[in-house]
Visitor: 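Got a structure for you, questions after.
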Amino acid sequence: MTVNVLFVCLGNICRSPTAHGIFEQKVKNAGLQDEIVIDSAGTGGWHIGKSPDARASQFALERGYDLSHLRARQTDPSDFLTYQYILAMDNANLADLKRMKPSSYKGHLGLFLDFGDNPQYREVPDPYYGGDDGFQLVLDLVESACDGLLLDIRHQL
Ligand code: 4NP
């Protein structure tokens, strides 16, 4: 039995693929790649089939995380059958997911940064329309929340 984790943002080209790629690397480093299944998706459908944003990919690569294998997809109601953790980057994503959630869902649906260590940030700010600093902030927030999430999951394995 695996623990299945889905990261969700709006477009699935900036924040959630960053979380996907970083968490994948951390899980691999911990030798838990057969225990933990990881995916990401966007609540919006504009970028289906696209690679991550070039800026997100470049800055992630500079920190040692390769996002080049990832392709955007949209969230689907069947995700609630597959993923025990569904983690939203911001409150708007979370609200959309709550509308989609079947009443029978027993997994963890919440904000990804609940696993982070920076109490100033409950949401991962959308970097899409901003400058490079926004992408670096996404990486900082996502790296620490991935560490917290891995600790949480380890307690269940
Ligand atoms: P993401 O960023 O949700 O972190 O992938 C965005 C990407 C694209 C758009 C919005 C946010 N967009 O409006 O196209």
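Bear in mind the structure is a predicted one, so any value in this text is a computation, not a measurement. Atoms within each ligand, like the ligands themselves, are counted from 1 in listed order.
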Visitor: Tabulate below the donor-acceptor pairs under 3.5 Å that side-chain atoms of residues 143-153 make, not counting sequence neighbours, or state none.
Guide:
from, atom 1, to, atom 2, distance (Å)
Glu143, OE1, Arg63, NH1, 3.0
Glu143, OE2, Tyr65, OH, 2.6
Ser144, OG, Asp117, OD1, 3.1
Ser144, OG, Leu141, O, 3.4
Asp147, OD1, Lys26, NZ, 3.0
Asp152, OD2, Tyr85, OH, 2.5

Visitor: Using a 4.0 Å cut-off on heavy atoms, what residues surround ligand 1? Order them by chain and number.
Guide: Cys9, Leu10, Gly11, Asn12, Ile13, Cys14, Arg15, His47, Asp126, Tyr128, Tyr129
Visitor: Under 4.5 Å side-chain heavy-atom separation, chaining through any Ile, Leu, Val, Met, Phe, Trp or Tyr, what else clusters with Leu10? Say none if it is isolated.
Guide: Trp46
Visitor: Pairs of donor and acceptor atoms involving the side chains of residues 102-112, under 3.5 Å and at least two apart or interchain, shall be tabulated with distances.
Guide:
from, atom 1, to, atom 2, distance (Å)
Tyr105, OH, Tyr83, O, 2.7
Tyr105, OH, Gln84, O, 3.3

Visitor: Does any N or O in the side chain of Gln74 come within less than 3.5 Å of the main-chain N or O of Gly42, such that one atom is a donor and the other an acceptor?
Guide: no
Visitor: Could you verify whether a donor N or O on one side chain and an acceptor N or O on the other, from Asn93 and Asp90, lie under 3.5 Å apart?
Guide: yes
Visitor: Salt bridge or not for Arg55 and Asp132, using N-O below 4.0 Å?
Guide: no
